[in-house]
Amino acid sequence: MYNDVNLTEKLKQYFGFDKFKGNQEAIIRNLLDGKDTFVLMPTGGGKSLCYQLPSLIMGGTAIVISPLIALMKNQVDVINGMTEADGVAHYLNSSLNKSAIDRVKADILDGRTKLLYVAPESLTKEDNVDFLRGVKISFYAVDEAHCISEWGHDFRPEYRRIRPIINEIGNAPVIALTATATDKVRTDIKKSLGILDATEYKSSFNRPNLYYEVRHKTKDIDKQIVKFIKQNPGKSGIIYCLSRKKVEELAAVLRANDIKAAAYHAGLDSGTRSATQDDFLMERIDVIVATIAFGMGIDKPDVRFVIHYDIPKSLEGYYQETGRAGRDGGEGKCIAFYSYKDLKKLEKFMEGKPVAEQDIGRQLLQETAAYAESSVCRRKMLLHYFGEEYDKDNCGNCDNCLHPKTKVEGKDALVVVLQAVAALKEDFRTDYVIDFVEGKDTNDIVAHKHDKLEEFGSGEDMDEKLWNPVIRQALIAGFMKKDVENYGILKLTPAGKKFMKKPESFMIVLDNEFGEDDEDDEGGSGSSALDPTLYSMLKDLRKNTSKNLQLPPYVIFQDVSLEQMATVYPISIEDLQNIQGVGAGKARRYGKEFVALIKKYCEENEIERPEDLRVRTVAKKSVLKVKIIQSIDRQVALDDIAEAQGIDFDTLLDEVEAIVYSGTKINIDYFLEDVMDEDRVDEIYEYFRESETDDLEAAIDELGDDCTEEEIRLVRIKFMSDMGN
């Protein structure tokens, strides 16, 4: 029917392009022929044109099912801007009032509307189904089709209802489109939509311009990010965090360091989100710090970096999010921070969900962990995950290829693994196979009686660091594959069976070492970077200050604060407030002479202060601390505060001590008057005034016969608040 249509002419007429990209023309031709179509095309490949152009050519109205209300409005505006007539494109979703919905329906019935965008929730509404039954439908386009699959990174249960609704409205060809889908997800999509015979068009997932890097996530992550952005001034970037709280905190840190940044997450009202998105597109801000709520359908071609503050929940999500960088073919740096602790945290979040959902979630996480930990070319691993082979050994544009590791022989380990998979009847996943070859008699293995098999423990004398990289790299090399139906179960391929019979050299790279997270105290205590000369000078200054003010030295600044000053060289009162144990009040009260000394010392000794240590932080008072301070201001008894916050009295005292030691002034006189004798308060107070140390043990030794530990701690809090802040 549409065989004689000149598609290039229509492309020029409506979109102003001279030629199609990739498979676009073949996809459109297939749809015009009335055939079901499946399109797998990475972000930036031109997916939307594959349904927009045929809708303008065909008779009737095309229904586009999309989960993204913001994207609908954007695309409707674009299409209506291309044509002279009004109402060529419309959308139906929860943002419209009744009169707007009536106007949309009138345009459709008049035959004006060629393209109707519908949220899946709106499509399933009874009155919409009744209305659409009377409309000639040219085809159905299911955008973001990975939302159908529980194995996709953005599963939406309402997507599972699309096929039954199509059957109710009336049959027409279906085109499903996604920017990211594994074999498992593709099968799921086609089954759910009832288009198993659809013609499949798959574009390459390789984005050669994107640079991939994974960094160990340590405590100085904020400093690393600030430093990276400062080294890329004026460039647009997106930073993804898993929690809304972290989004807000990091955006504040970036702004404190003179970076034009804003937060974006689903908890903000729609007006703020729209304004932030516009500011980013119009380059009024450079960096968006966001949850994954941001980015779908954002057509900004020059995003120069995408940073993952937390490791993503799936490789599909990661690929789609990194795909927002360098869409113009220019530079695109993709940096992910990975820590074992984050992985465990994500696993913990899954507890309480249905068992099947937990199982899927854990396996998707394992794939992400494998990607992060592996020393193999990142590009090779990503493309393999999406069922695409990358035949180069070195892509030259990822951290593992730019800094390759020495290869080791993996032949014997691979033979052990392949034999184990065969002995286990190709019915188990990686972690089970590793336990089996290492000879671990876990409950599972014993229950299956696999500890009785000859191959059990066949690799127990080999280095346990071999197993994960051998299995991962054997999958990439095609000796094994993961079953599509029961995802994660290892199966042998003909190449694997052949290797078992006739082994040959199989060189592998061991995984990157991500040790336990750096839990060092941020105070820099014992740090080798400490400047001993300056530290000694600061101690002398503290001694003189304490003498002049007739206060113990620890009241001025604690040792840990002096150590950090001698490491990071704060030269202003503002810098000083970033030092552990130094609040704004303490910095203003005692800091002037200290920063003057440090500044003079740096100038005289030509010390270049380390740039990355000058990152300004944002005060982070925990919710608990704020509640405690507010309650004390209202003169609530301390034991009542502890009870209200669900903590014991000792823990409350720990929190109050932390508050006063960091320089916040509080007044607990009202409580001391209620619970302690005035003479006893004076006795303890006088002890701390004359003592060289605030050490609790020393105070108990001296005062313990007359006073309890609790009383000593309470008066020490009063003393530190009066004298130190």
Can any side-chain N or O of [X] pair as donor or acceptor with the backbone N or O of [Y] at less than 3.5 Å?
| X | Y | result |
| --- | --- | --- |
| T493 | F479 | yes |
| R207 | A325 | yes |
| S122 | V118 | no |
| K202 | G387 | yes |
| Y319 | F205 | yes |

Inset, instruction - Assess whether ring-ring contact (aromatic ring centres under 6.0 Å, His included) is satisfied between F228 and F305, documenting all intermediate values. - result: CA-CA 10 Å; F228 174 84; F305 60 87; 5.3 Å; yes
Check: residues 394-402 side-chain donor-acceptor pairs under 3.5 Å, at least two apart:
| residue | atom | partner | partner atom | Å |
| --- | --- | --- | --- | --- |
| N394 | OD1 | G396 | N | 2.8 |
| N394 | ND2 | C401 | O | 3.1 |
| N397 | ND2 | P208 | O | 3.1 |
| N397 | ND2 | L210 | O | 3.1 |
| D399 | OD1 | R378 | NE | 2.9 |
| D399 | OD2 | V214 | N | 3.0 |
| D399 | OD2 | R378 | NH2 | 3.2 |
| N400 | ND2 | S374 | O | 2.9 |
| N400 | ND2 | V376 | O | 2.8 |

Legend entry - M480 and L418, any side-chain heavy atoms less than 4.5 Å apart: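 Touching, per the 4.5 Å side-chain cut-off.
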Inset, instruction - Could you check N206 against S204 for side chain to side chain donor-acceptor pair (under 3.5 Å), going step by step and ending with a plain yes or no? - result: CA-CA 5 Å; N206 186 19; S204 172; 5.2 Å; no
Inset, instruction - Flag the pair Y371 / Y318 as yes when their ring centroid distance falls below 6.0 Å, and as no otherwise. - result: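 Judged by ring-centre distance (under 6.0 Å), Y371 and Y318 do meet the cut-off.
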Inset, instruction - Go through the steps for H308 and E321 under the test side chain to side chain donor-acceptor pair (under 3.5 Å), then give the verdict. - result: CA-CA 9 Å; H308 281 83; E321 286 142 27; 2.8 Å; yes
Inset, instruction - Determine the sole option in D435, D359, D483 for which the salt bridge (charged side-chain N to carboxylate O under 4.0 Å, His left out) test with R429 is passed. - result: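 Answer after filtering D435, D359, D483: D359.
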Legend entry - Set of salt bridge (charged side-chain N to carboxylate O under 4.0 Å, His left out) partners for D310, sequence neighbours left out: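 By the salt bridge (charged side-chain N to carboxylate O under 4.0 Å, His left out) rule, D310 matches K217.
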Inset, instruction - Applying salt bridge (charged side-chain N to carboxylate O under 4.0 Å, His left out), name anything that partners K345, two or more places apart in sequence or on another chain. - result: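 Partners of K345 by the salt bridge (charged side-chain N to carboxylate O under 4.0 Å, His left out) criterion, ordered by chain and then number, come out as D342.
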Inset, instruction - Determine, step by step, whether H265 and T291 satisfy the side chain to side chain donor-acceptor pair (under 3.5 Å) criterion, reporting the C-alpha distance in whole Å, the side-chain angles of both residues, the deciding distance to 0.1 Å, and the verdict. - result: CA-CA 5 Å; H265 58 71; T291 57; 5.9 Å; no
Inset, instruction - Any chance you could measure L510, atom CG, to S375, atom OG, to the nearest 0.5 Å? - result: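 Answer rounded to 0.5 Å: 7.0 Å.
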Legend entry - Flag for T37-N30: side-chain donor and acceptor within less than 3.5 Å: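 Side chains of N30 and T37: pair found under 3.5 Å.
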